[in-house]
Amino acid sequence: MNQHPIIIKDSSLVRIKAEKACNCACSDLTVIESFPASHFEFSKLEVKLNPELHSMNLDGSNRVVYVTTSDCGTNSIVVMNDAAWNILIAFLRSEQNEIETDFHHWCRQWSEPVVTDFLARLVEMRFLYPSPRVHSSIVEQRDVLESWLHITDRCNLRCKYCFLPHLPVDMSIDTGLASIDSIFRSALAHEYHKIKIKYAGGEPLLRFPLILKLHEHTKRLGEFYNIEYDGIILSNGTLLTEEIIRNIRLHHLGLMVSLDG
Ligand code: SF4
């Protein structure tokens with residue numbers, strides 16, 4: 001019998017649990033705590049190979065495989081044998097029926113539990129991405145509508161890697177209020193119980209008075225419609241003063257300081 005697909009060395013899965021309090025830039029949609037094999041119904045599974053996947057041949061039969069992007073602190077770097085690699089790259093083919101044929105072939109070769117466990121691990125390590133249809137069966141139903149408001153394009157810093165053009169462009173109060181009204185319309189239409197708004201930039205603390213106005217407006221609407229609300233400022237932290245911190249506390253805003261842009 002051919003050798004089973006094996007992950008020989010797994011120095012990966014540096015997993016920072018995506019807690020509710022996590023307000024990083026990753027979308028909640030990417031959060032998969034685990035992907036137990038019991039959820040693995042291949043006939044319903046549509047998966048895609050992570051486009052950021054890379055590999056390096058080690059000694060002809062083993063490979064280092066890794067992804068260059070991460071979701072919520074999860075990275076995967078592993079060494080796998082040839083059988084494992086051949087299963088993984090089969091997903092380069094996009095046709096579902098071809099994968100299904102392969103799947104039955106693998107199951108005959110190594111048994112179904114071995115193959116499903118291995119595929120589940122590939123999903124956990126973000127090497128494979130299940131389709132939204134599969135996500136919905138394994139990810140807790142989300143009831144939080146999360147939105148970002150780009151308060152300003154301006155910033156007091158000039159990080160080399162910053163993707164913003166730093167134009168002197170600010171969000172107007174009218175645009176901000178209209179955006180929040182629109183977020184509530186969506187929340188009501190889709191029966192969300194909670195809204196989370198991230199006030200971002202540029203450096204949003206350059207427009208702190210605007211944030212406070214938008215925050216108060218959102219709180220009022222939340223109370224009126226009985227929709228919970230969390231407001232979070234995403235800042236580089238360099239403009240924080242005692243007065244701003246006092247106000248952030250007073251108005252029950254959240255603050256997330258990013259050290260790397
Ligand atoms: S702090 Fe953020 S917005 Fe400002 S320059 Fe750096 S990366 Fe860009």
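Just so we're clear, the structure is a prediction, and the values are computed from it rather than from any experiment. Just so you know, ligand 1 is whichever comes first in the structure, and atom 1 is the first atom listed for that ligand.
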Problem - Those atoms of ligand 1 less than 4.0 Å from some heavy atom in Cys162 - result: 3 (S), 5 (S), 7 (S), 8 (Fe)
Practice task
Go through ligand 1 atom by atom and flag the ones less than 4.0 Å from a non-hydrogen atom of Asn236.
Solution key: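 The list of qualifying atoms is 1 (S).
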Fill in the blank from the handout: salt bridge (charged side-chain N to carboxylate O under 4.0 Å, His left out) filter on Lys194, not counting sequence neighbours, yields Glu228, Asp230
Exercise for the section: Between Glu203 and ligand 1, find which residue part has any heavy-atom pair under 4.0 Å and reply side chain, backbone, both or neither. Expected result: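 Looking at Glu203 and ligand 1, no heavy atom falls under 4.0 Å.
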Problem - Same apolar cluster (I L V M F W Y, side chains within < 4.5 Å links), Leu157/Leu167 - result: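 Not linked; separate clusters.
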Exercise for the section: Taking atom NZ of Lys219 as the centre, report whether more than 12 heavy atoms of other residues, nucleotides or ligands fall under 6.0 Å from it. Expected result: yes
Handout entry: Whether Cys155 has an N, O or S atom under 2.8 Å from atom 8 (Fe) of ligand 1
Key = no
Exercise for the section: State, to 0.1 Å, how close Arg63 and Trp85 come at their nearest heavy-atom pair, and which atoms those are. Expected result: NE-NE1, 3.2 Å
